[in-house]
Amino acid sequence: MKISIFKKAIAVLGLFVATSVFNLANAEVAVIVHPSNDSALSDSDIKKIYLGKSKKFSNGATAVAVDLPEGTAIRVAFIDAIVEKSETQFKSYWSRLIFTGKGVPPKILQNDAEVIDLVSRNPDVIGFVDTSSVNDSVKVVLTK
């Protein structure tokens, strides 16, 4: 009887892992800004903003990055593709900066809708969401 329960648990766990990997592989990131933002943003520019190495857009306006909660598929995809770090490395990077007083990490919003709402109301904010969440209230500057 115990073996049967064990086999079922392994099967459920395998299904969960496979689903998570499938969702991660299908996550397409859209980096978004306010529609009035006329900055030219490369992958490198966005990476610098999210690592706190740049606080300005190319047009000279202040750049304020927002983030999504740890573990979300779109966040993992963004950090991997744009920041070129694992989620653990990104967290560690910001922990060191916070500890030494050299930086404040991007504010964490709870979901794509909150990111889109804030970006659509503030020309200084840059965020990322799943491409399926994008609407005409924001401007997409990069997809990955």
Side-chain angles (χ1 to χ4, degrees), residues 5-144:
I5 293 172
F6 180 72
K7 285 181 180 178
K8 287 179 185 176
I10 294 296
V12 169
L13 181 61
L15 182 61
F16 175 75
V17 169
T19 302
S20 296
V21 169
F22 178 76
N23 288 338
L24 180 58
N26 287 330
E28 187 174 19
V29 179
V31 178
I32 58 172
V33 295
H34 190 272
S36 69
N37 188 327
D38 60 355
S39 294
L41 291 168
S42 67
D43 293 22
S44 177
D45 296 329
I46 296 165
K47 178 179 179 176
K48 288 176 186 172
I49 291 169
Y50 272 87
L51 292 175
K53 295 179 179 183
S54 176
K55 296 179 183 359
K56 300 270 185 200
F57 289 114
S58 63
N59 65 6
T62 301
V64 179
V66 294
D67 198 355
L68 289 170
E70 283 185 51
T72 56
I74 203 67
R75 182 179 193 264
V76 172
F78 172 80
I79 292 171
D80 181 54
I82 305 295
V83 183
E84 299 174 325
K85 293 186 179 293
S86 70
E87 199 172 28
T88 303
Q89 290 169 325
F90 187 65
K91 182 178 180 177
S92 176
Y93 172 85
W94 275 108
S95 293
R96 283 190 305 273
L97 288 182
I98 293 166
F99 181 74
T100 59
K102 294 181 180 177
V104 177
K107 179 180 179 180
I108 296 175
L109 302 178
Q110 293 307 304
N111 54 47
D112 287 1
E114 284 186 15
V115 173
I116 289 170
D117 180 57
L118 185 61
V119 170
S120 71
R121 293 184 291 112
N122 190 328
D124 293 339
V125 176
I126 182 170
F128 60 89
V129 295
D130 190 298
T131 54
S132 66
S133 300
V134 174
N135 60 40
D136 61 358
S137 69
V138 295
K139 179 168 96 175
V140 175
V141 293
L142 180 72
T143 56
K144 283 277 185 176

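Values reported hereafter were calculated over all heavy atoms of this structure, with side chains retained and with hydrogens, waters and symmetry mates removed.
Here Lys48 pairs with nothing under the salt bridge (Lys or Arg N to Asp or Glu O under 4.0 Å) rule; sequence neighbours left out. Every residue two or more places apart in sequence or in another chain that forms a side chain to side chain contact (heavy atoms under 4.5 Å, CB included) with Lys85 is listed here: Leu51, Ile79, Val83, Gln89, Tyr93. Under the side chain to side chain contact (heavy atoms under 4.5 Å, CB included) criterion, Ser39 pairs with Asn37, Leu41, Phe57, Ser58, Asn59, sequence neighbours left out. Partners of Thr100 according to the side chain to side chain contact (heavy atoms under 4.5 Å, CB included) rule, which considers only residues two or more places apart in sequence or in another chain, are Lys102. Glu114 is linked by a side-chain hydrogen bond (donor to acceptor under 3.5 Å, both in side chains) to nothing, counting only residues two or more places apart in sequence or in another chain. A search for side-chain hydrogen bond (donor to acceptor under 3.5 Å, both in side chains) contacts involving Ser36 returns His34, not counting sequence neighbours. A search for side chain to side chain contact (heavy atoms under 4.5 Å, CB included) contacts involving Pro106 returns Tyr50, Ala65, Asp67, Trp94, not counting sequence neighbours. Contacts of Ser44 classified as side-chain hydrogen bond (donor to acceptor under 3.5 Å, both in side chains), with partners at least two apart in sequence or in another chain: none. Partners of Ser54 under the side-chain hydrogen bond (donor to acceptor under 3.5 Å, both in side chains) rule, at least two apart in sequence or in another chain, do not exist in this structure. Residues forming a salt bridge (Lys or Arg N to Asp or Glu O under 4.0 Å) with Lys91 (at least two apart in sequence, or on another chain): Glu70. Applying the salt bridge (Lys or Arg N to Asp or Glu O under 4.0 Å) rule to Asp38 yields no partners; only residues at least two apart in sequence or on another chain are considered.
Taking CG of Leu68 as the start and CG of Asp112 as the end, the distance is 6.0 Å to the nearest 0.5 Å. With rounding to the nearest 0.5 Å, the separation of CG in Leu142 from OG in Ser42 is 8.5 Å.
You'll find the side chain of Phe90 stays beyond 4.5 Å of the side chain of Asp80, heavy atoms only. By the 4.5 Å heavy-atom criterion applied to side chains, Pro105 and Ile98 are counted as neighbours. You'll find the side chain of Val119 stays beyond 4.5 Å of the side chain of Ile126, heavy atoms only. Between Ile116 and Ile32 the shortest side-chain heavy-atom distance falls below 4.5 Å. Residues Gln110 and Pro69 form a side-chain contact, since some pair of their non-hydrogen atoms from C-beta on lies under 4.5 Å apart. When side chains are defined from C-beta on, Thr72 does not count as touching Val76, because their heavy atoms never get closer than 4.5 Å. Side-chain contact between Lys55 and Thr62: absent, with no pair of heavy atoms (C-beta onward) separated by less than 4.5 Å.
Sorted by first then second residue, the salt bridge (Lys or Arg N to Asp or Glu O under 4.0 Å) pairs that include residues 134-144, not counting sequence neighbours, are Asp43-Lys144.
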Inset, instruction - Would you check, one step at a time, whether the test side-chain contact (heavy atoms from CB on, under 4.5 Å) holds for Val31 with Val140? - result: CA-CA 6 Å; Val31 178; Val140 175; over 6 Å; no
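Of all heavy-atom pairs between Ala63 and Ile49, the closest is CB-CD1, 3.9 Å. Looking at every heavy atom in both residues, Gly127 comes nearest to Val66 through CA-CG2, 3.8 Å.
Of the possible donor and acceptor atoms, none in the side chain of Ser133 sits under 3.5 Å from a partner among the backbone N and O of Val129. At distances below 3.5 Å, not a single donor-acceptor pair connects side-chain atoms of Asp130 with backbone N or O atoms of Ile74.
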